[in-house]
Chemist: 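What follows is a single structure, and I will ask about it in a moment.
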Amino acid sequence: MLQKLPIGVQSFSHLRQEGYLYVDKTKYIHELVNGSKQYFLSRPRRFGKSLFLSTLKAYWQGQKELFSGLYIAVEEDKSAHPWQAYPVFVFDFNGKNYQKAQALENVLDEKLRGWEQGYALSGTQSLEERFRLLLAAAKEKSGRPCVVLVDEYDKPLLDVMADEKLAEHNKAVFKGFFGVLKSCDEYLQFVFITGVTKFSKVSIFSDLNHLKDISMNKKYAAVCGITENELTDTLWLQVEKFAEVQDKTTKDCQQKLRRTYDGYHFHPQGEGVYNPFSLLNALDDGELRSYWFVTGTPTFLIKKLQDGEFDLWKFTDGKLYSDERALADYRADNPDILPLLYQTGYLTIVGYDDRRQRLTMGFPNEEVKYGFLESLMPAYAPKAVPGTDTDIFTLDDYVENGNVDGIRQILTALFASIPYTSAGTRFEHYFATVIYLVFTLLGKYVHSEVHNSQGRADCILETAAYVYIFEFKLDKSAQAALAQIEEKGYALPYAADKRKIYRIGVNFSSESRNIAAWEVCE
C-alpha cells in the first residue's frame, strides 16, 4: 500500500505520527546544528520551508521518537548529549492580514502573551523588551539557551508593498523586535529565519552580523525541494502508479514530470530540485497541472515588468544575466527585477560563466514558463480571452488547420483591440512583446522559436501537417520580410519535408499600430 503523500502538511510531528511519506532532509539539520548558530534561508513559496522549520522545532524539543529511521537519528545517538530539549520559540507570519495599522504588532503581542504566561512575566513593557525578558527567563528556568525559529518573516513586508508608509513602519518594528537577537546572544542556542525574499534594507540582516545566509550555499542547495535521487529513492512507487494512470511508461512519465516541475537551481553547481508542491500533487492526482502557479497570481511582478518595459523575450533567448551579489538581495526600489523573479521562483539559474562569474537566468520548467506568460497576456492584450475572436485557442485551431487567412485575421483583431494607452509611445516594444507572448504560448501546443538571435526566422510553427515560417518587419514591407526568408534559407531544413510549408512575411505599421501588409508564399 502506498504511503499518503504529505500535500499541505506543514507539521513534522503530524506527518510522522500519521504515517505520511517523508523525504528525509534531516542530514541538513545535522549539518546546521553542528555548524553556525544563526541562519537565514530564502526559498519560493510552497517549497517546504514551513515543514523544514517544523522539523527543526521537533529536533530542538528532543522528540527522538519522531526521527526513528531517519539520517539524524544515527548521527544524534553518536553525540555526547543526544536529544536534549531546549526552549523553542516559533514565529510564524503565515495566514495573517498585515494590511492594517498595528497588525504586525498585534501578531507579535499575541505570540509573546502566550509564552509569557508560562514564565510568570507581566508583559507590560515594549515588544522588544518583553522578547528580551522572555529569552532570559526561558534560559534561567530550563538551564539551556533558547532556539528561535522564524517562518516567512517577509510576509508582513510583501503584503504592504503598495503602502510605502506601512511598509516602512513594519520594517521599523522588525528592526526593534528582532534586533534583540543581537544583544541576547548569551541566551541563544540556535536561530533560523526563512522567507521568500531577502530585503537588503531590512536591518534584521545588517544588525544580525552573525546570521549566515545559506540561500545560495551549494551545501544546502537541495534543503527544500525534491532531487532526482530523492524521487527515485523515495517516490518511485508513486511514479509507477502515475505512469499506470497515464497509461505510459515510467521513463516517459519521469521525463514529463522532470520537464514540467524540475529545474530549480539555487547554486550554479548545486543539485537541481523539483517543486515539491506541484510534484506531490501531480503524483497524487495522476495528472500534470499547474499546481504551484495557480496558488498565487504575481500581479505586482506583472506591473513591475510593464512599468519597466522589460524585454520579455530575454526570458527564453538565453541572454538574461545576473550575478550572485545581485540575486542575494532585494530592494523595492531596485529597477532590476531579476532578484525578485529569482527569489519568488519564476526564474532560476540555468547557466554559469565561471571566468566572468556571470549567471544565466531562465524559467525552471514548463509549469512556470507557460503559467507566467499566460498571466502576462491579459496585461498586454486584455481582450485576448477565451470566447473572443482574438483568443489563443482559436489561433491554435487556425494554425493546426492551415488557415493562413484566419491567422492574419486573429493577429489583426488582436492588435486592433489593444488600447492606445496600453501600448503607450513605444509601440515597437509593445508589438514585439505581444508577438512574443502569442507565439511562445502557441509553442505550448505546437513548436515555436521566437526572437532567436542565431539567424533563424522570427518564428517557426510546426504541426503534424504544416510548417509556418514567419518573418516580421516594422515600417518596411512584407516583401522584404519574404525576401529575408529566402535569402537566409530559413526553409532549407524543411526541403524534404512532406508537410505543407508556408512562408509568411508580415509588416507592422507604427502609425496604424497594426498589420500593414501580409504576404504568403507556399
Side-chain angles (χ1 to χ4, degrees), residues 1-7 20-24 44 46-48 221-222 224-265 270-295 315-316 318 345-351 362-374 392-393 396-397 399-400 439-450 460-467 493-494 497-499:
M1 182 177 178
L2 295 178
Q3 284 182 278
K4 295 179 292 184
L5 294 175
I7 298 169
Y20 285 93
L21 182 145
Y22 176 63
V23 176
D24 190 356
R46 294 186 179 272
F47 238 80
C224 292
I226 297 173
T227 68
E228 194 71 44
N229 286 337
E230 289 168 342
L231 177 72
T232 55
D233 291 346
T234 309
L235 291 159
W236 194 245
L237 290 178
Q238 282 75 14
V239 174
E240 290 180 332
K241 179 65 176 178
F242 179 86
E244 182 182 328
V245 172
Q246 290 277 313
D247 194 24
K248 298 187 183 300
T249 67
T250 52
K251 182 178 180 181
D252 286 343
C253 286
Q254 187 177 13
Q255 289 175 345
K256 282 188 174 182
L257 291 168
R258 186 183 299 127
R259 187 170 60 247
T260 310
Y261 306 123
D262 194 12
Y264 287 91
H265 289 86
E271 196 169 7
V273 293
Y274 287 79
N275 182 316
F277 182 79
S278 290
L279 178 63
L280 294 179
N281 271 285
L283 293 176
D284 191 55
D285 291 348
E287 295 185 30
L288 295 172
R289 293 179 180 172
S290 296
Y291 295 99
W292 177 81
F293 196 89
V294 298
T295 61
F315 282 136
T316 49
Y346 298 103
L347 292 180
T348 195
I349 300 169
V350 298
F363 292 120
N365 51 51
E366 291 188 353
E367 178 191 19
V368 175
K369 174 182 176 180
Y370 292 117
F372 191 69
L373 296 181
E374 283 175 356
I392 198 76
F393 300 105
D396 181 51
D397 286 342
V399 171
E400 289 286 348
F439 284 102
T440 304
L441 288 175
L442 271 183
K444 188 176 183 180
Y445 313 103
V446 294
H447 167 70
S448 72
E449 298 174 338
V450 184
I460 297 176
L461 297 178
E462 296 185 43
T463 71
Y466 304 96
V467 177
Y494 304 95
D497 204 300
K498 294 182 180 180
R499 292 174 293 181

Chemist: Could you report the tightest heavy-atom contact between Pro44 and Gly345, atom names first, then the distance?
Modeler: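 Smallest interatomic distance, heavy atoms only, reads CG-CA, 3.6 Å.
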Chemist: To the nearest 0.5 angstrom, please state how far the CD atom of Glu240 sits from the CD atom of Gln254.
Modeler: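 Reported value, rounded in 0.5 Å steps: 10.5 Å.
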Chemist: Under the side-chain hydrogen bond (donor to acceptor under 3.5 Å, both in side chains) rule, collect the residues that match up with Glu287, sequence neighbours excluded.
Modeler: Arg289
Chemist: Between Thr227 and Ala222, what is the shortest heavy-atom contact and its length?
Modeler: CG2-CB, 3.5 Å
Chemist: Could you pull out all residues at least two apart from Leu2 that satisfy side chain to side chain contact (heavy atoms under 4.5 Å, CB included)?
Modeler: Leu237, Gln238, Lys241
Chemist: Atom CD1 of Ile226 and atom OG1 of Thr232: how far apart are they, to the nearest 0.5 Å?
Modeler: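 Reported to 0.5 Å precision, the distance equals 11.5 Å.
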Chemist: Answer yes or no: is there a side-chain heavy-atom contact under 4.5 Å between Phe315 and Leu347?
Modeler: yes
Chemist: Apply side-chain hydrogen bond (donor to acceptor under 3.5 Å, both in side chains) to Tyr291 and list each qualifying residue two or more places apart in sequence or on a separate chain.
Modeler: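 Only Asp285 meet the side-chain hydrogen bond (donor to acceptor under 3.5 Å, both in side chains) criterion with Tyr291.
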Chemist: Taking all heavy atoms of Gln246 and all of Cys253, pick out the closest pair and write down the distance.
Modeler: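 Closest approach of Gln246 to Cys253: CB-SG, 3.9 Å.
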Chemist: Taking all heavy atoms of Leu280 and all of Leu5, pick out the closest pair and write down the distance.
Modeler: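 Closest pair (atom of Leu280, atom of Leu5, distance): O-CD1, 3.6 Å.
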Chemist: Could you pull out the closest heavy-atom pair between Ala221 and Gly270, with the gap in Å?
Modeler: CB-CA, 3.9 Å
Chemist: So, taking the atom named OG1 in Thr260 and the one named CG in Asn275, what distance separates them when rounded to the nearest 0.5 Å?
Modeler: 11.5 Å
Chemist: Any chance you could measure Leu21, atom CG, to Gln3, atom CD, to the nearest 0.5 Å?
Modeler: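 Reported to 0.5 Å precision, the distance equals 4.5 Å.
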Chemist: What residues, two or more places apart in sequence or in another chain, satisfy side-chain hydrogen bond (donor to acceptor under 3.5 Å, both in side chains) together with Arg499?
Modeler: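 Checked Arg499 against side-chain hydrogen bond (donor to acceptor under 3.5 Å, both in side chains); matches are Glu462, Asp497.
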Chemist: Would you indicate whether Asn229, at its atom CG, is surrounded by more than 12 heavy atoms from other residues, nucleotides or ligands within a distance under 6.0 Å?
Modeler: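 Yes, enclosed.
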Chemist: Given Asp262 and Leu257, is the side-chain contact (heavy atoms from CB on, under 4.5 Å) satisfied, shown in steps?
Modeler: CA-CA 7 Å; Asp262 194 12; Leu257 291 168; over 6 Å; no
Chemist: Hey, which of Val273, Val368, Leu231, Leu288 is the one that makes side chain to side chain contact (heavy atoms under 4.5 Å, CB included) with Tyr261?
Modeler: Leu288
Chemist: Who passes side chain to side chain contact (heavy atoms under 4.5 Å, CB included) against Ser290, sequence neighbours left out?
Modeler: Phe293, Val294, Glu367
Chemist: Applying side-chain hydrogen bond (donor to acceptor under 3.5 Å, both in side chains), can you list everything that pairs with Asp233, at least two apart in sequence or on another chain?
Modeler: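 Testing Asp233 for side-chain hydrogen bond (donor to acceptor under 3.5 Å, both in side chains), a comparison that skips the adjacent residues, returns none.
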Chemist: Counting C-beta onward and ignoring hydrogens, is there a side-chain heavy-atom pair between Tyr22 and Thr234 closer than 4.5 Å?
Modeler: no
Chemist: Do other residues, nucleotides or ligands put more than 12 heavy atoms under 6.0 Å from Lys4 NZ?
Modeler: yes
Chemist: Hey, could you give me the CG/CH2 distance between Leu283 and Trp236, rounded to the nearest 0.5 Å?
Modeler: 10.5 Å
Chemist: Please name the residue in the list Phe277, Phe47, Phe363, Tyr274 that meets the ring-ring contact (aromatic ring centres under 6.0 Å, His included) test with Tyr264.
Modeler: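 One option only clears the test, and that one is Phe47.
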Chemist: What distance separates Lys369 NZ from Arg259 CZ, expressed to the nearest 0.5 Å?
Modeler: 11.5 Å
Chemist: With distance as the sole test, does Asp397 use its side chain to make a donor-acceptor pair with the main-chain N or O of Glu400 at under 3.5 Å?
Modeler: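 No, Asp397 side chain to Glu400 backbone: no donor-acceptor pair under 3.5 Å.
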Chemist: Determine whether the aromatic ring centres of Trp292 and Phe372 lie less than 6.0 Å apart.
Modeler: no
Chemist: If you look at every heavy atom in Gly225 and Glu230, which pair is closest and at what distance?
Modeler: O-OE1, 3.7 Å
